Amino acid sequence: MNVDLALEQLLDARTAEVYTKEELHKKLQRSAETGIPLRVKLGVDPTAPDIHLGHTVVLRKMRAFQDLGHTGVLIIGDYTALVGDPTGRSKTRPQLSYEEIEHNAATYREQVFKILDPERTEIVHNGDWFKKLSFGEVLRLTSRFTVARLLERDDFANRFSKNLPISLHEVMYPIMQAYDSVMVRADVELGATEQTFNILMGRQLQENMGQERQIGLLAPILTGTCGSVRMSKSIGNYIGIAESPSEIFGKTMSIPDNLIGEYLRLASEFEADEVERFERSLSDGSANPRDVKFQLARHLVSLYHGDDAADKAGSEFEQIFSKRDLPDEMPVLELKRDELEEGRIWIVKLLKLANAASSNSNAIGLVQQGAVQLDGARVDADAPDVKIESGMTLKVGKRRFFRIELSN
RNA sequence: GGGGAGAUACCCAAGCGGUCAAAGGGGGCAGGCUGUAAACCUGUUGGCGUAGCCUUCGGAGGUUCGAACCCUCCUCUCCCCA
């Protein structure tokens, strides 16, 4: 493989910054000559286990390295998760228990191979080395860093200037991440741009400990479905790759129009010229944003669930939202006959049985707002005891449907 | 160690003795509209069979007819001084 071409491929839209391009070129060159693959590190935090589109940007970058013959080293940060990455946070994260972390890590491993090449992936836990360090060794390690240097980090600096707390263990996070790089002898470390500081620390520590420093390759941060802040599970503005086809489809359709380009560029597998064509048609008005979004949604579903699922999700979406029809399949709400009184049930009770309302008040609110329909007829808040027959359809809001089945 | 400031609902943030289930914003949910679960507009957002009642304002006590608001102690955070 031609090194210049490889470099060009690696530095596509999914790369925001490289530290440094020259060094990367050199490493690629040497690897090509010696046949020794580069070790490309990515640390993952098993705090929120579900991989979402935001993670895929960087995972696809790792895949790109793997396709060029290099080795992906995935570090499950079971020990760093005990700290919680303070990146981008104005608050200390809650610490997770070891059991939660293990469970999350397992989920992560399951999902990650939807993108990575298992043949070229090493998975390690950083607890493997951290749990063996003695306190003396920790002290020796920390002596290589200074407080002033650590306070250069944006989020620490911000919090510091706003008089918000910074716990000492949080400061350990970048140090631990840097040490990971040393332990796996990383040639390249991947991460989103918010990881800049941590990754540069790794470079510094590797040099300090007599290794060649790693390349930092930073991916852009994907904006969440809300359109304003980064995609994050804890915020809830995410599209998870393990989510159901209809969820992925629907959530994609719900992104603000001005986000379409970003998703095409960072989260899709469309070729660069296709992306460009889409973007041009959007900006010159020749395409309806809805239609482009529709194609994007189909594409994303097929990436994680296959073409058939994508077709189905697409037609279901049209059925429900364009034609305002009922979906072909809907969850069944089983209702025992003795829940009814003379064939009637209090609508609030029904909503709670369907798990469509969190409380009676919530359910009453929904009814009053006209969000509840039975067989297409709006439930009147003044007549809350509704007659139920088997096979009826309950609709709550625009997108929650249930088929009611009576049983004894 | 000494002095000062603060902790309010999912988040930010008002309130400083009754009219406070608690302003405003964000987020969530819903309705309208539409090209979509975009945008925009409107409503709603502690619990209870829907009436008033119950439980909320860091924790525990206290003062008062009455406390998110006053007092005491405790926990946590920040600032200044050393």
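Values below: every heavy atom of this structure, side chains too, minus hydrogens, waters and symmetry copies. Predicted model, so just to flag it, every value in this text is computed and none were measured. Order of the sequence lines sets the chain letters (A, B, ...), proteins ahead of strands, with each chain counted from 1.
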How would you label the contact of [X] with the nucleic acid (heavy atoms, under 4.0 Å): base, sugar-phosphate, or nothing?
| X | value |
| --- | --- |
| A/Pro289 | base |
| A/Gly370 | sugar-phosphate |
| A/Thr225 | nothing |
| A/Ile255 | sugar-phosphate |
| A/Asn163 | sugar-phosphate |
| A/Ser246 | base |

Is the phosphate of [N] approached by [X] (side-chain N or O, under 4.0 Å from OP1 or OP2)?
| X | N | value |
| --- | --- | --- |
| A/Ser361 | B/rC48 | yes |
| A/Lys349 | B/rC48 | no |
| A/Arg290 | B/rU36 | yes |

Ignoring the backbone of [X], work out which of [options] is nearest its side chain.
| X | options | answer |
| --- | --- | --- |
| A/Gln369 | B/rC48, B/rG31, B/rA30 | B/rA30 |
| A/Ser359 | B/rU50, B/rC48, B/rA30 | B/rC48 |
| A/Leu366 | B/rC29, B/rC48, B/rA37 | B/rC29 |
| A/Asp385 | B/rG49, B/rA30, B/rU50 | B/rG49 |
| A/Ile364 | B/rG31, B/rU50, B/rA38 | B/rU50 |
| A/Phe317 | B/rC78, B/rG43, B/rA37 | B/rA37 |
| A/Arg378 | B/rG31, B/rA37, B/rU36 | B/rG31 |

Note to self: Any donor-acceptor pair, under 3.5 Å, between the side chain of A/Asn360 and the base of B/rG47, if you only look at N and O atoms?
What the structure shows: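 Absent.
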How long is the line joining NZ of A/Lys398 and C1' of B/rU36, in whole Å?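 For the pair A/Lys398 NZ and B/rU36 C1', the rounded distance is 10 Å.
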Notebook entry, point to check: Given the side-chain rings of A/Phe156 and A/Phe197, with only the six-membered ring counted for Trp, is the space between their centroids under 6.0 Å?
Noted result: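 Ring centroids of A/Phe156 and A/Phe197 are no less than 6.0 Å from each other.
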Exercise. Using the P atom in both, what is the distance from B/rA82 to B/rC74, to the nearest Å?
Worked result: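 26 Å, rounded to whole Å.
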- Stacking here means centres under 5.5 Å and planes under 30°; does A/Trp346 stack on B/rG49?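 Stacked: ring centres under 5.5 Å, planes under 30°.
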Please figure out whether A/Ile347 or A/Val396 has its closest RNA chain B nucleotide nearer the 5' end.
->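 Final value for this comparison: A/Val396.
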